[in-house]
Amino acid sequence: MFVACEDESSEKNVADNSEYPRSETLYIGGFDWAPPSTFNPLDYDPNFPIDGNVRLMYETLVTYNQITDKLEPMLADSFTKTDSSITVHLDEKAKWNNGTPVTVEDVIFTFHVDSILPTPRHGNWQYLSSVKADGNNNIVFNFASNNRNPLIILNAIAETSILPKAVFEPIIAAARDGQTYNFAKVVEFKNDSMPVVSGPYNLKAFSPDKIVLERNDNYWGNANHGGKQPAPKYIIHSLYNGNNHFNSAMTKGYLDVSSIFLPQIWNKAKDGIRAWSREEPYHLPGSITTLIINQQVEPFTDPAFRRALAHSVNFEKIKSRANSNYTPAIQAGFILPFGPEARFFNKEDADKYGYTYNTEKAKEILTEAGYTWNAEGKLLDKQGKPVRPISIECPQGWTDWEDAIKVIVESFGEVGITAEQNFVDYSEWDKNLRHCTFDLAMKTQTAELSAATPWTRFDQVMGSVALKPVGEDAFSNQGRFKNDDANLLLAKIPTITSEEELTNAYRELNKIFMETIPVLPVMYRPTQYYQFSTKHWTNFPTEENPYAPPQHLIVAAGVKALWEIQPVK
């Protein structure tokens with residue numbers, strides 16, 4: 001009883017603070033889980049609002065709108081493409097919060113940093129020959145002639161935070177060691193005291209339970225909103241321990257916007273809470289949650305075993321029990337059968353090469369591959385030895401994923417495979433994924449749609465360009481899958497201009513995916529669970545009023561909603 005009271009008190013204390021008037025403060029949750037430690041955008045895992053595609057402090061050149069499937073201006077006001085390059089025109093109004101201009105040199109420096117340091121964007125330079133100025137406030141991104149990939153470069157200009165050269169150049173120079181750089185010295189810089197940023201908000205304060213941002217009233221981009229300022233003076237990201245505490249705070253009105261899975265949202269209307277749509281599936285589906293498969297260890301090295309796993313999962317039970325029917329029933333393959341991707345989805349191929357929940361089919365595949373069962377119904381390998389128990393992990397407290405894993409453990413048990421749920425600290429899960437020290441691990445690939453999906457989704461689980469040995473940090477293809485035919489298609493697709501040829505190439509790539517199971521798709525998800533409370537703020541973007549995409553008012557093109565929401569009088 002004491003613990004429950006303590007939890008309720010901590011929820012209330014985060015939001016009940018006279019220093020930040022409620023009518024001027026937007027409380028959000030779900031974009032960070034750990035007490036703040038760094039706001040350095042070059043760190044592998046910086047805290048909110050530096051991580052992901054959050055655009056409150058650091059801005060990108062352009063930004064993706066998932067509703068229109070278009071790239072919209074941010075620091076740049078236009079861009080053009082040719083067969084050999086992308087030219088971006090920097091908005092001449094753009095300024096840092098210290099009043100100095102954002103320059104072409106800042107942009108070129110930012111991309112140069114990714115070429116010399118092992119950042120998550122380092123791989124972009126396999127597809128670039130140069131990033132140069134042309135004298136007219138333009139930045140020209142020239143494609144590598146032997147590795148042309150316009151999709152990667154479009155993603156890069158839409159997702160790379162532009163950094164102030166004056167701040168970061170001395171830090172990087174001090175980390176130079178001969179011909180290399182000591183990356184550990186670069187990330188020693190925590191960037192936690194009045195950072196120089198170009199966005200509409202800046203870091204004001206932080207503590208173990210919250211991160212506070214304050215509006216920059218002189219933000220250069222206000223000119224693009226008729227001179228108006230964003231409505232909230234403060235944005236506070238509240239930090240709670242687990243989905244249940246986030247959701248409790250949301251229900252009580254201590255949070256205004258949340259990306260945390262909130263079950264049965266149709267029952268929350270009485271609390272002033274709703275999602276993008278008032279009707280099922282309530283959220284806008286846009287990504288695929290998968291079990292990443294460690295392709296380097298038995299029994300997962302056997303494609304037949306992986307295919308049997310795919311047929312043994314009760315997808316419908318996951319959809320209802322773990323996902324509150326928030327997304328359509330999953331179909332085989334790695335292409336979304338709705339939205340902009342639907343033109344690439346082939347139902348005939350999904351039926352022919354794919355998989356559905358079918359325990360008998362799973363057993364048939366295993367039998368044909370030489371597996372047997374003992375008297376207790378436990379699976380034996382091709383040498384007649386028991387197949388070892390397998391571990392399925394996800395971050396502790398991610399209740400929707402935990403519920404999905406519980407269903408999967410039951411499903412595998414029906415075909416004689418012993419599986420164990422393993423709910424671990426977020427940092428352990430992340431490290432295991434990067435180092436490939438897991439059996440099966442839940443993850444959502446390309447949680448955000450972009451100008452390059454579905455190519456990026458396939459590349460993240462099948463591409464060998466950035467393939468790393470087990471034990472080294474990998475930010476894509478974390479299961480270490482390799483298929484030469486898939487690599488050829490992944491190299492070809494970004495260069496295709498014919499819609500018919502592109503459709504055929506995706507069809508072939510999806511067929512390889514269904515036949516080899518590089519990862520095991522579990523359920524569709526929204527790009528983010530976007531839900532909001534109207535107790536303190538109103539006029540959020542919705543399906544009926546889609547003036548901005550459901551990107552939480554802080555991510556990518558969703559930021560423009562900050563100028564339109566209104567405090568409740």
Do the ring planes of [X] and [Y] sit parallel (below 30°), tilted (30 to 60°) or perpendicular (above 60°)?
X	Y	answer
Y282	Y326	perpendicular
F141	F111	perpendicular
F540	F532	parallel

Task: Pair R215 + D217, salt bridge at N-O below 4.0 Å - done: yes
Task: Charged N-O contact under 4.0 Å between R434 and D473 - done: yes
- [ ] Applying salt bridge (Lys or Arg N to Asp or Glu O under 4.0 Å), name anything that partners D32, two or more places apart in sequence or on another chain.
- [x] none
Open item on the list: Taking salt bridge (Lys or Arg N to Asp or Glu O under 4.0 Å) as the definition, give me every residue that meets it alongside D83, ordered by chain and number, with sequence neighbours left out.
Closed with: none
Open item on the list: What I'd like to find out is whether the side chain of P36 reaches to under 4.5 Å of the side chain of I211, using heavy atoms alone.
Closed with: yes
Task: Close aromatic pair by centroid cut-off 6.0 Å: F206 and H237 - done: no
Open item on the list: Is it the case that the ring center of F189 lies less than 6.0 angstrom away from the ring center of F168?
Closed with: yes
Is a donor from one side chain sitting under 3.5 angstrom from an acceptor on the other, for [X] and [Y]?
X	Y	answer
R55	S161	yes
T251	S248	no
T289	T444	yes

Task: Qualifying residues under side-chain hydrogen bond (donor to acceptor under 3.5 Å, both in side chains), relative to K190, sequence neighbours excluded - done: none
